[in-house]
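First the structure, in the form of structure tokens, and then the observations on it.
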Amino acid sequence: MKRFEHAGLTLGSHFQPIYSLAHRRTVGVEALLRAEQNQLPLSPAEAFYAMVSPERRHGLDLAVSQAHVQHFSQLEQAHPHWLFLNVDAASLSRPERAMALANSIREAGLQPGNVVLEVLEHVLEVDEALIEGVNLLKKAGFLIAIDDFGVGHSNLDRVCQLEPDLVKFDKDLLRSAVSQPRTRNLLSRLVRLMHEIGALVVEEGIETENDVLVALESGCDLVQGYYVARPSLTPDPDDIITKRLDSRWDELMVRDLLKRKITRRQIELARQAFVQSAISLMQGTPFDQAATPMLAMPDVIRCFLLDSEGRQIGRNLNSRHNTVASNLKFAPLADTTGAVWSRRAYFQHAIDQPGVLYMSEPYLSMTDTRSCVTLSMAIEIDEAMHVLCADVLAPRVHSSHG
């Protein structure tokens, strides 16, 4: 591989695969600088720190990009790959520098559509001129990735404003998700949020088997990290990477199958009890007695009754075996008499199709902040339309994450 010289530095490249979980193959590589000065290795940060002015940092950025592009062109690729390049802030701070970077990459032999330019999210907070530089590069045809999303005070508004093609989640976000179930749920929601703004998600820092499982569960698109493949002059081929990941994939599939079986059984038993309670109500049985079959179910949290406008009639009927020790913390939310739930999907679906049992998607209960699904059905009681509802704990399968 050809060695490049710039300002007393020798510039080399290592490449780390970025792997698509759906395609089961590498779809890109991140170019990582390997620099030396007087035959002593320098980290990328040290190499750029030695360039004391923005002009010199920009000059190094151009040289590094050219080196990476030419080294990348020598890799054997069975499928088209993106080249992910880290961009220094100095190359974004002025329009002419941004265009010089674009021209430099073209001259080195790559078209913009083959290149993903990575920009650190926190850098974009510094100066609006940097945003302008990113937008110029987008217009030139380059893909843009926001790097290290989730570090410190991440700015969703900034991400939405830039409309990046990809967002790379910081490895500390994954570390937290591996150890904390609540963060694991947040990670999945963040992935969905990025998808809604039109960005693919890369999860970085995949270093263990548990990391792979959490990444798969989160719904992310691409993964990168030492467990997938370490940076090297010649990246690992896909048959090696896929073999590493397949066992984790198989484990997740088995777990999901078990979860679906448990879900089906729980919900079917709850549905049977729900219909029994609905029939009793329509026959004139008082609500607290009619709800007895539902409240006897181990996963049912509560039952409640709404009028035809979605207003709650009376209090919740709570299941005795599903009270939570910390319920006093949510005492201000406990009394839902007269609460209006007309905007909830479980009310709208039920009232639109009387007599049809509806089950909501899992959501966070406002009464005690547990994850639940709501069963609902519109029925006639004393010739007036009502909606019977029951909150059921969202099924969960305990995982082996450490």
Side-chain angles (χ1 to χ4, degrees), residues 16 18-23 26-31 58 61 65 68-69 80-106 110-174 177 185-205 215 218-224:
Q16 185 170 33
I18 295 174
Y19 185 90
S20 168
L21 294 168
H23 295 83
T26 299
V27 294
V29 292
E30 180 178 354
H58 171 58
D61 209 22
S65 298
H68 286 331
V69 169
H81 281 32
W82 284 312
L83 174 62
F84 285 68
L85 295 175
N86 294 283
V87 179
D88 188 79
S91 293
L92 302 172
S93 58
R94 293 184 182 176
E96 63 271 19
R97 290 182 189 160
M99 294 316 299
L101 177 64
N103 292 332
S104 175
I105 292 171
R106 282 196 196 94
L110 269 187
Q111 292 303 307
N114 301 124
V115 179
V116 180
L117 299 177
E118 296 190 25
V119 185
L120 289 169
E121 188 214 355
H122 68 268
V123 167
L124 297 173
E125 298 293 328
V126 178
D127 192 343
E128 288 295 326
L130 301 181
I131 304 295
E132 183 183 353
V134 170
N135 284 328
L136 278 172
L137 291 166
K138 281 182 68 175
K139 288 177 183 176
F142 292 93
L143 286 83
I144 300 296
I146 299 295
D147 196 13
D148 284 352
F149 178 82
V151 175
H153 301 286
S154 287
N155 191 330
L156 283 175
D157 180 61
R158 182 72 78 196
V159 175
C160 292
Q161 179 186 348
L162 275 175
E163 297 182 349
D165 301 287
L166 302 101
V167 176
K168 299 185 79 173
F169 283 10
D170 179 69
K171 63 181 180 182
D172 287 341
L173 194 57
L174 180 69
N185 294 333
L186 173 62
L187 185 64
S188 299
R189 288 176 170 83
L190 283 173
V191 169
R192 289 197 293 272
L193 181 61
M194 294 302 126
H195 287 169
E196 286 177 12
I197 67 172
L200 297 176
V201 174
V202 185
E203 286 185 13
E204 298 183 287
S218 75
C220 75
D221 307 288
L222 311 173
V223 289
Q224 178 182 3

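All values derive from a computational prediction rather than experimental measurement.
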Results of salt bridge (Lys or Arg N to Asp or Glu O under 4.0 Å) for Arg97 - residues two or more places apart only: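 For Arg97 the salt bridge (Lys or Arg N to Asp or Glu O under 4.0 Å) partners, ignoring immediate neighbours, are Glu55.
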Results of salt bridge (Lys or Arg N to Asp or Glu O under 4.0 Å) for Asp88 - residues two or more places apart only: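 Once residues adjacent in sequence are excluded, the partners of Asp88 under the salt bridge (Lys or Arg N to Asp or Glu O under 4.0 Å) criterion are Arg57.
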Could you state the interatomic distance from [atom1] ([X]) to [atom2] ([Y]), rounded to the nearest 0.5 Å?
{"X": "Asp147", "Y": "Leu120", "atom1": "CG", "atom2": "CG", "answer": "5.0 Å"}
{"X": "Ile18", "Y": "Trp82", "atom1": "CD1", "atom2": "CH2", "answer": "9.5 Å"}
{"X": "Ser188", "Y": "Leu193", "atom1": "OG", "atom2": "CG", "answer": "12.5 Å"}
{"X": "Leu92", "Y": "Ile131", "atom1": "CG", "atom2": "CD1", "answer": "9.0 Å"}
{"X": "Ser93", "Y": "Glu132", "atom1": "OG", "atom2": "CD", "answer": "10.5 Å"}
{"X": "Ile146", "Y": "Asp170", "atom1": "CD1", "atom2": "CG", "answer": "13.5 Å"}

Considering all heavy atoms, the nearest Gly219-Val191 contact: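 For Gly219 and Val191, the tightest heavy-atom pair comes out as O-CG1, 3.4 Å.
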For Thr26 against Gly28, the heavy-atom pair lying closest together: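 For Thr26 versus Gly28, the nearest heavy atoms are CG2-O, 3.2 Å.
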CZ (Arg94) with more than 12 external heavy atoms under 6.0 Å: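 No, because the 6.0 Å sphere around CZ of Arg94 holds 12 heavy atoms or fewer from other groups.
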I'd like to check [X] versus [Y] (side-chain heavy atoms, cut-off strictly below 4.5 Å). Are they in contact?
{"X": "Asn86", "Y": "Glu30", "value": "yes"}
{"X": "Val202", "Y": "Asp221", "value": "no"}
{"X": "Leu190", "Y": "Val201", "value": "no"}
{"X": "Leu85", "Y": "Leu101", "value": "no"}
{"X": "Leu174", "Y": "Phe169", "value": "no"}

Audit row: Leu117, Ile105, side-chain contact (heavy atoms from CB on, under 4.5 Å) steps and yes/no: CA-CA 11 Å; Leu117 299 177; Ile105 292 171; 4.0 Å; yes
Salt bridge (charged side-chain N to carboxylate O under 4.0 Å, His left out) pairs, two or more places apart, involving residues 135-144: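 As it turns out, there is no salt bridge (charged side-chain N to carboxylate O under 4.0 Å, His left out) pair with a partner in residues 135-144 once direct neighbours are skipped.
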Arg192: side-chain hydrogen bond (donor to acceptor under 3.5 Å, both in side chains) partners, not counting sequence neighbours: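 Once residues adjacent in sequence are excluded, Arg192 has no partner under the side-chain hydrogen bond (donor to acceptor under 3.5 Å, both in side chains) criterion.
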Donor-acceptor pair, side chain of Ser104 and main chain of Ala100, under 3.5 angstrom: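 Answer holds: no.
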Flag, side chain of Asp165 to backbone of Ile144, donor-acceptor distance under 3.5 Å: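 Yes; judged by distance alone, with no hydrogens or angles, the pair exists.
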Listed partners of Tyr19 passing ring-ring contact (aromatic ring centres under 6.0 Å, His included), at least two apart: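 Not a single residue meets the ring-ring contact (aromatic ring centres under 6.0 Å, His included) criterion with Tyr19.
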Pairs where residues 111-120 contributes a residue and the test side-chain hydrogen bond (donor to acceptor under 3.5 Å, both in side chains) is met, not counting sequence neighbours: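 Checked against side-chain hydrogen bond (donor to acceptor under 3.5 Å, both in side chains) - neighbours excluded - the pairs reaching residues 111-120 are Glu118-Lys168.
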